[in-house]
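Each remark here refers to the structure printed beneath this line.
Residue numbers start from 1 in every chain, and the chains themselves are labelled A, B, ... in the order their sequence lines are given, proteins ahead of strands.
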There are 2 protein chains.
Amino acid sequence: MAREAGVSPSTVSRALNGTGYTAPQVRERVRAAAARIGYIPDANARSLRNRSSRSVGVLISDLRNPFYADLAAGIEQVLRAAGYHMILVNDDGSAEEELLAVQTFAAMRVSGVIITPVSSRSVKSLREHGINVVQADRRAGTRHGDAVLGDNEQGAELVTEHLLALGHRRIALLIDETKWTTGAGRLAGYRAAHEAAGVPLDEKLIAFTTSFEAEAARGATAELLDAHPDVTALFAANNVIAQGAFQEIQRRRIAVPRKLSLAAYDDVPWMSMVRPGITTVTQHTVSFGKRCAEVLLSRLDGAAEQEPTIIHVQPELVVRASTAAPR
Amino acid sequence: MAREAGVSPSTVSRALNGTGYTAPQVRERVRAAAARIGYIPDANARSLRNRSSRSVGVLISDLRNPFYADLAAGIEQVLRAAGYHMILVNDDGSAEEELLAVQTFAAMRVSGVIITPVSSRSVKSLREHGINVVQADRRAGTRHGDAVLGDNEQGAELVTEHLLALGHRRIALLIDETKWTTGAGRLAGYRAAHEAAGVPLDEKLIAFTTSFEAEAARGATAELLDAHPDVTALFAANNVIAQGAFQEIQRRRIAVPRKLSLAAYDDVPWMSMVRPGITTVTQHTVSFGKRCAEVLLSRLDGAAEQEPTIIHVQPELVVRASTAAPR
DNA sequence: CTAGGTTGTGGCAACGATTCCACATGGCAA
DNA sequence: TTGCCATGTGGAATCGTTGCCACAACCTAG
C-alpha cells in the first residue's frame, strides 16, 4: 500500500487516520491509491499495536429464546453505530462453555464483554484479565461492577398485586431457579405482594421446574394442577415457563381466564398472538440491550476508574385478557 | 511469558502448540508457567502472523425475526464446536449496512462469511477480497459459489397443492418481494401448483406488501380481503407476513379455517401456540444454520479450489388446524 | 543574515506469535 | 577418533500498523 501510493507507511497511517500533519494533496493521493487497490487496514495489526480491538464479546444463554435474541439485537445495534462489532457466544447455560468463551474474549483483547452470567467465576476471570464487564439481566455472585438489571422484585410484585386485586387468593408460582438474581427477585416480589396484602402464602404453591425446557414447565404445571385443584391463578416466572404452562392449559382445555388466570414475566411475540392474550411484565428487552451497550461504551470512553454504573430497568405490567377475577 | 518460563518465545510457541521438538519437562514447565500467570496467547498477533483468524462473519437481516435467530443459533453452535467464533452483524435489510459489514469482515481477515445477501455487490466484494462466502437461504445475483438454500418453489408448491386438494380455488398469495430467490421461488411454486392442477390463477390475488413489517402485511391483508371477498384461502409467504395476516384476521373475527384458511412459510413458535395452529412449511431452521456452517468449515479445511457446494434443504409441510376445505 | 518556529515526511522500534535456520549436545556406528 | 543423525533450543525475521523522533524545507521576526 505504501508502495502503491509512493509514500512511507507512516504517511499512509497519518493520511488515512487524519492524525498529525499531512499535505492535502498527499492525503488525496493516498486515498485514491487505497480505493484503487481496495486497501483495507488490517484490524489485527492495529489491535496488536494498540493493545485493544473494536470488538465486544456478548455472552448469552440461548439465542433461540426471544428474550436473549432481543437483548442481543439491542446490543448489536448500539455497538454497530459506535463502530464496534459483536462476538456472540451462546453458553447454553453451561458454566464450562462460559469459561471457554471468556478465554476466547481474553485472547482477542476485546474492549469489553456484556454477559448474562451463569457463574461468578467467569465474571471474576474477565476482571482479572482487565476486561470491562457489564452484567446484563442478572448478577452472579459479585455485587459490584457495571450492571443493567430488571427490577425483578418490583415486576413480580406488580403481577402478584394485580392478581390479588382481582380477588385471587390461591396464586401458584412456577419458577425454574432462585440462584440467580432474576429468579430470587421474582420469588421475593411474589412473597412481598402477599405480605403487603396480608394474604397468607401457601409455600406448596411454589413449584420448581426441573430444567430450562418448556416441556419441563408443562410437566410441572400438570403436577401442580393435579395436586392443587383450588388454584385460581398461575404466575409463570419467565417466557419459557409460560409457554409450557400455556401448552398444558390448552391441552386440558381449561378456560382462561374464567377457570384459571395466567400471568407471565417477559413479553414475547406469542403472548400477544394467542387468545386470550397473556398478561405479563415487559422489560422492553431491545432497549434493555441498548442500555447495556451504552453503559459499556461510556465505560470505554470515560475514565476507567469511575464509580460502577448500576441501571435498573423499570418493569411494566401489560394487562391482557388472560387474567380476570376468579369465579 | 517467555521470561516467566525461563525459555525463549520460540519454545513457548512450540510447547503450547505441540509443533516441532520440545522436551517433555520443558513443555510441562511452560504449561505450568502459563497457568500460573494466566497467560493467554494474543489472537491478534497470531492472526497477523498467520494472515487468518478463527473468526467467521455472519451477516443476517434481523435478529429479532426468529427465522434469522434460529439460523444464527445453528451456525454458532457448529462454529463454536470447531473452535471458531461468530461476528454477528444485522444489516436490517440495508445494502449500505451490508457493505459496511463486509469492510469490517475484510479488515478482520475473517476466515469466512455466511450471509443472507441483500445485494450482489457485497458478495462480489467479499470474493474480491479472497474471503470464502456461503450464501444462506437466498442468493443475490450471482449464481455460483457455495450456498445453502431452501427449495422455495417446492415448499410453496406443497402448500398450494395442499390448499387446492382441499378444494380451494381462490387462493391469495401475500408476498413482500420477488427480487430475492426466496420470494421468486415461492411465487413460482404457487404458480406451478395451479398449473399442475389445471386451476386458472387470478393474478389479482397476488398481493404485495409495502415493507418488511408485520404491520404492512396487516394492511395488505385488509385491502385484499376487502377487494376480494370470495377468497377462501390465504398463503403468507413468510413468517412476518403471516403474523400480519393473522392479526388482521383476528381483528375481523373471521373464523379460521371455517370461513378462511391460512397457511404460511417458515415455522416459528407462535404458529403452534395459537388456535387454530397455523399450517406452514418448516425448513428446520436450526439445522439449516448448522449446514451453512458445515459447508463453510469444509471449504476451510479442504482444498480451496473444490467445486462449489450447493445444498438444498428439503422443505416439509406441517399441517395444522388453520387449513380445511372451503364451505 | 540568523535563529527559531511551522509544516510535512520518512526511519525505526514496538506490539506478540510463528517459523525457518543455525547451532549445540549426545549417542552410535564406522 | 571422526562423522553423522536425532533431538532440542535460541536467534532473528516477519506479519501490518502506529507513534515517536529526526530531519528537511520553508517562513518569519529580530
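For C:dG11, the base has a donor-acceptor partner in the side chain of A:Ser10 [N/O atoms by modelled type, under 3.5 angstrom]. In this model, no side-chain donor or acceptor of A:Arg46 finds a partner on the base of D:dT17 within 3.5 Å.
Of the candidate nucleotides C:dT18, D:dG16, C:dG10, D:dG16 has the atom lying nearest to any side-chain atom of A:Ala45. Picking from D:dG16, C:dG10, C:dA17 the nucleotide with the shortest atom distance to the side chain of B:Asp42 gives C:dA17.
A donor-acceptor contact under 3.5 angstrom links the side chains of B:Ser61 and B:Arg138, judged on distance only. In this structure, a donor-acceptor pair under 3.5 Å is absent between the side chains of A:Asn132 and A:Asp146. Side chain to side chain, B:Thr22 and B:Arg27 meet the donor-acceptor criterion of an N or O pair below 3.5 Å. For the 3.5 Å distance criterion, the side chains of B:Thr11 and B:Ser8 qualify, holding a donor opposite an acceptor.
Atom CG in B:Leu48 sits roughly 9 Å away from atom C1' in D:dT14 (whole-Å rounding). If you take CE of B:Met1 and P of D:dG10, they are 12 Å apart, rounded to a whole angstrom. Atom-to-atom, CG of B:Asn44 to P of C:dT18 comes out at 13 Å; the value is rounded to the nearest Å. One can place CG of A:Asn50 at 12 Å from P of D:dC20, the figure rounded to the nearest angstrom. Nucleotide D:dC15 holds its C1' atom 11 Å from the CZ atom of B:Arg109, rounded to whole Å.
For DNA chain D, the neighbouring residues in residues 14-30 of chain B, judged by any heavy atom under 4.0 Å, are B:Arg14, B:Tyr21, B:Thr22, B:Ala23, B:Val26.
OP1 or OP2 of C:dG16 has at least one side-chain nitrogen or oxygen of A:Arg51 nearer than 4.0 Å.
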Is there a side chain to side chain donor-acceptor pair (under 3.5 Å) between B:Asp266 and B:Gln283? Walk through the geometry before answering.
CA-CA 6 Å; B:Asp266 285 327; B:Gln283 305 196 74; 2.8 Å; yes

Check the pair A:Met86, A:Ser55 against side-chain contact (heavy atoms from CB on, under 4.5 Å), reporting the backbone distance first and the verdict last.
CA-CA 6 Å; A:Met86 170 173 85; A:Ser55 309; over 6 Å; no

Salt bridge (charged side-chain N to carboxylate O under 4.0 Å, His left out) between B:Arg80 and A:Glu97, worked out:
CA-CA 10 Å; B:Arg80 178 155 41 88; A:Glu97 287 292 342; 2.9 Å; yes

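The residue B:Val7 sits close only to the backbone: its heavy atoms come under 4.0 Å of sugar-phosphate atoms, none of a base. Among the heavy atoms of the strands lying under 4.0 Å from B:Pro9 is at least one base atom, whether or not backbone atoms are also near.
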